[in-house]
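Labels below follow one simple rule: chain letters A, B, ... track the order of the sequence lines, proteins then strands, and each chain is numbered from 1. Side-chain atoms are counted along with the backbone in the values below, which use heavy atoms only and exclude waters and symmetry mates.
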Amino acid sequence: NAGVTQTPKFQVLKTGQSMTLQCAQDMNHEYMSWYRQDPGMGLRLIHYSVGAGITDQGEVPNGYNVSRSTTEDFPLRLLSAAPSQTSVYFCASMPYGREDEQFFGPGTRLTVL
Amino acid sequence: DQQVKQNSPSLSVQEGRISILNCDYTNSMFDYFLWYKKYPAEGPTFLISISSIKDKNEDGRFTVFLNKSAKHLSLHIVPSQPGDSAVYFCAAKVRGTGNQFYFGTGTSLTVIP
């Protein structure tokens, strides 16, 4: 199993550009989430999904969109990138019924100029 | 406002000694708590968890203590090893809410050989 994969590893955008961060998992996990990690702020939940077709907002959803058309994939879209979205983004998955262990991807480092 | 806080951004400990990492939370609805470990350029990995019905949980060298009245939990690592050097995040959730986790700001642990 590849686990949770994220692409790209690094990305530089200009203010106003849009892009999609990709996340895929091959463990058939129902739960998937997106987090951003910023210095002094820890990991903050952006959006999460409890299954295909179901998504909801986390703590910091503004400026981001998600969709979940399949169990495997959970892309995160930045509609109009802003410097405040410079961060490291992590995707995570967890099987239904578990309370604890999320499996994280390696992260995408995004810089918005 | 951050619902889970780790007030010590960094901690240095000699190899073989005890490492104590602390975490405070404000939301009295939280009833499940976790610790994750993160190495540079990798995603976080699950370490240990505790339910609010317990006040202690052990897994090898790692023990988590929960003080519900103080809304405080701590992670003890005994003995500390150089490979334990990483950033440690505590997290909290309400049981039954799936993947809605709230993370702290992280503590960077350095174990000195």
Between the CG atom in B/L34 and the OG atom in B/S49, the distance rounded to the nearest 0.5 Å is 5.5 Å

B/D31: which of B/V94, B/I53, B/I50, B/L66 passes side-chain contact (heavy atoms from CB on, under 4.5 Å):
B/V94

Cluster overlap B/Y88 with B/V13, hydrophobic side-chain contacts below 4.5 Å
yes

Quick one: does B/W35's side chain get under 4.5 Å of B/F89's, heavy atoms only?
no

Neighbours of chain B found in residues 21-50 of chain A - heavy atoms under 4.5 Å:
A/Y31, A/M32, A/S33, A/Y35, A/Q37, A/G40, A/M41, A/G42, A/L43, A/L45, A/Y48, A/S49, A/V50

Please determine, among A/R98, A/E59, A/R109, A/Q6, the option with the most heavy-atom pairs under 4.5 Å with chain B.
A/E59

Rounded to the nearest 0.5 Å, what's the gap from OG on B/S108 to CG on B/L11? Could you check?
9.0 Å

Quick one: CG on B/L47 to CD on A/E101, what's the gap to the nearest 0.5 Å?
10.5 Å

ring-ring contact (aromatic ring centres under 6.0 Å, His included) partners for B/Y36, two or more places apart
A/F104, B/F46, B/F103

Under 4.5 Å between side-chain heavy atoms, counting indirect links through other Ile/Leu/Val/Met/Phe/Trp/Tyr residues: same cluster for B/I48 and B/Y102 or not?
yes

Look at B/R17 together with B/E15 and state whether they make a salt bridge at an N to O cut-off of under 4.0 Å.
no

For residues A/P8 and A/T108, report the shortest heavy-atom separation together with the two atoms involved.
O-OG1, 2.5 Å

Residues of residues 68-85 of chain B with any heavy atom under 4.5 Å of a heavy atom in chain A:
none

State the CD-OG1 distance between B/Q2 and B/T105, to the nearest 0.5 angstrom.
6.0 Å

To the nearest 0.5 Å, how far apart are CG in B/N57 and OG1 in B/T63?
8.0 Å

Flag the one option from B/Q3, B/Q100, B/K5 with the top tally of heavy-atom pairs under 4.5 Å to chain A.
B/Q100

Answer yes or no: does atom OH of B/Y39 have more than 12 heavy-atom neighbours from other residues, nucleotides or ligands under 6.0 Å?
yes

For chain B, which residues of residues 63-90 of chain A have at least one non-hydrogen atom nearer than 4.5 Å to it?
A/F90

Counting heavy-atom pairs under 4.5 Å to chain A, which of B/P44, B/G104, B/G106 comes out on top?
B/P44

Given the ring of B/F101, does B/K93 sit roughly above its face, with NZ or CZ under 6.0 Å from the centre of the six-membered ring and within 45° of the axis?
yes

Honestly, the part of B/A41 sitting under 4.5 Å from a heavy atom of chain A is backbone

Please round to the nearest 0.5 Å and tell me the distance separating atom OH of B/Y32 and atom NZ of B/K54.
8.5 Å

